[in-house]
Amino acid sequence: MADSEFPTGTLMKGKRGLVMGVANKNSIAWGIAQQLHAQGAELAFSYQDEALEKRVRPLVESLGNEPFMVTADVTNDESMDACFAALKEKWGQLDFLVHAIAFAGKDELVGSFTHNTSRLGFQRAMDISAFSFVDAARRASEMMPSKEDGGGAMVSLTYLGSERVVPNYNVMGVAKAALEASTRYIARDLGPQGIRVNAISAGPMRTLAMAGISGGRTLMKTGKDWSMLKEDTTMEGVAGSALYLLSDLGKSCTGEVLHVDAGFHAVGVPDIEE
Ligand code: NAP
């Protein structure tokens, strides 16, 4: 998707933020990054390991600025320490954080949640998909300005499988429920510092993470067919919502889980053909 497809402007001018979770050009984090860039934000990107660095660098370079990329494996404290130390050294201050990271084993994203969820699988999904936001939010908040100086904003990515049972989403649904609850608790803690913390509950989108979920194609089709708008969730819609939540447009909005899924979440019964 080209930069020009995202509305340009100055809503994020003068703001610097960390984007976590770009794996390739289809990543939700990449759509959000392009939208924030088109509105003047200065961006740093974290990637899990060297293999990912190779894939992400050309994307980051396509934005035209000097790439600012740092390693951050969210399961590793030293890696997270080094990531935020690099941000502190280069920028000193951070205005926003985008968290678009999740993981669960393929064997756990299929069939029975009750029978297929191991202790280790549960812990890993929770660690990478929920705790990592708590950890990153704490570290980021320590670099954000005071309320008088503008505070900050954070956004994480979640999915309806946290609220409703979605076949095969299993342990990831439980981790997303923890992520959403964490979003509210973090929002309360950081509110007095003027830091707003929200989550976007996006409808199904064709990304690497989605490819790991058994029956993902059916999820996509149902997400469209049952939706109010009768369309797929768009990257522009999700990225635009992130822009709203991370810019001053989103003033007064915190502790919120915003559904961006073409209205799917509010449908009780699909269309009835008589
Ligand atoms: P994606 O492109 O695969 O992004 C997921 C990212 O998480 C990847 O960059 C991945 O890196 C990273 N990650 C996993 N384990 C990590 C670790 N230990 N340390 C650092 N990074 C790690 O897929 P996506 O769909 O855009 O996912 C972004 C977010 O949106 C996720 O939270 C996802 O649950 C959420 N979401 C997705 C959908 C959807 O339908 N696609 C809908 C609602 C919400 P690796 O590639 O190295 O593992």
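One-based numbering, in listed order, for ligands and for the atoms of each. Values below: all heavy atoms of this structure, side chains included; hydrogens, waters and symmetry mates excluded.
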Looking at [atom], what's its closest protein heavy atom, distance included?
atom	answer
atom 16 (C) of ligand 1	Q48 NE2, 3.5 Å
atom 13 (N) of ligand 1	I101 CG2, 3.8 Å
atom 4 (O) of ligand 1	G21 O, 3.5 Å
atom 40 (O) of ligand 1	M205 N, 2.7 Å

Evaluate the side-chain proximity of [Y] to [X]: yes if any heavy-atom separation is below 4.5 Å, no if none is.
X	Y	value
D127	S132	no
F68	K90	yes
D95	M144	no
L179	K176	yes

Hey, is ligand 1 close enough to [X] that some N/O pair sits below 3.5 Å?
X	answer
D73	yes
A209	yes
I128	no
Y159	no

Which of the ligand 1 atoms, numbered from 1, are nearer than 4.0 Å to a heavy atom of [X]:
X	answer
P204	40 (O)
A72	19 (N), 20 (C)
S27	1 (P), 2 (O), 26 (O)
M210	40 (O), 41 (N)
A202	42 (C), 43 (C)
T158	43 (C), 44 (C)
G203	40 (O), 42 (C)

Q: Considering only protein heavy atoms, determine whether one is less than 4.0 Å from atom 20 (C) of ligand 1.
A: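 When distances to the protein are checked, atom 20 (C) of ligand 1 has a heavy atom within 4.0 Å.
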Among [options], closest by any non-hydrogen atom to [atom]:
atom	options	result
atom 37 (C) of ligand 1	I28, L157, L179	I28
atom 5 (C) of ligand 1	A100, S201, A104, A23	A100
atom 24 (P) of ligand 1	V22, T207, V74	T207
atom 14 (C) of ligand 1	A102, S162, A211	A102

Q | Part of T233 within contact of ligand 1 (heavy atoms, under 4.0 Å) | A |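 Looking at T233 and ligand 1, no heavy atom falls under 4.0 Å.
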Q: Measure L52 to ligand 1 on non-hydrogen atoms and call it side chain, backbone, both or neither using the 4.0 Å cut-off.
A: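 Only the side chain of L52 comes within reach of ligand 1.
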Q: Give a yes or no on whether W91 atom CH2 has more than 12 heavy-atom contacts from other residues, nucleotides or ligands under 6.0 Å away.
A: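 Above 12, so yes.
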(Q) Between T158 and E180, do the side chains contain a donor N or O and an acceptor N or O under 3.5 Å apart? (A)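 Short answer, yes.
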Q) Are S201 and H265 close enough that a side-chain donor and a side-chain acceptor fall under 3.5 Å? A)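 S201 vs H265: no donor-acceptor pair found between side chains.
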(Q) Does K15 qualify as a cation-pi partner of F96, given the criterion of NZ or CZ under 6.0 Å from the six-membered ring centre and within 45 degrees of its axis? (A)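 No, a cation-pi geometry is absent between K15 and F96.
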**Q.** Any donor-acceptor N/O pair, R206 side chain to A211 backbone, under 3.5 Å
**A.**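 Not confirmed, R206 side chain does not pair with A211 backbone.
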Q | Expected output: side-chain E108 to main-chain V171 donor-acceptor under 3.5 Å | A |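 A pair under 3.5 Å: no.
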Q: Answer yes or no: is there an ion pair linking R138 with D189, defined by an N-O contact shorter than 4.0 Å?
A: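 No.
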Q: Could you tell me whether K230 and D271 have a side-chain N and a carboxylate O separated by less than 4.0 Å?
A: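 Result for this pair is yes, salt bridge flagged.
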Q.
With a cutoff of 4.0 Å, is K176 in contact with ligand 1, counting heavy atoms of the residue only?
A.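 The answer is yes, since K176 has a heavy atom less than 4.0 Å from ligand 1.
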Q. Under 4.0 angstrom from ligand 1, any heavy atom of S46?
A.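 No, S46 has no heavy atoms under 4.0 Å from ligand 1.
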Q: Show the numbers, then the answer: is there a side chain to side chain donor-acceptor pair (under 3.5 Å) between T71 and Q48?
A: CA-CA 6 Å; T71 320; Q48 188 183 171; over 6 Å; no
Q: Flag the pair Y159 / Y169 as yes when their ring centroid distance falls below 6.0 Å, and as no otherwise.
A: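 Ring centroids of Y159 and Y169 are less than 6.0 Å from each other.
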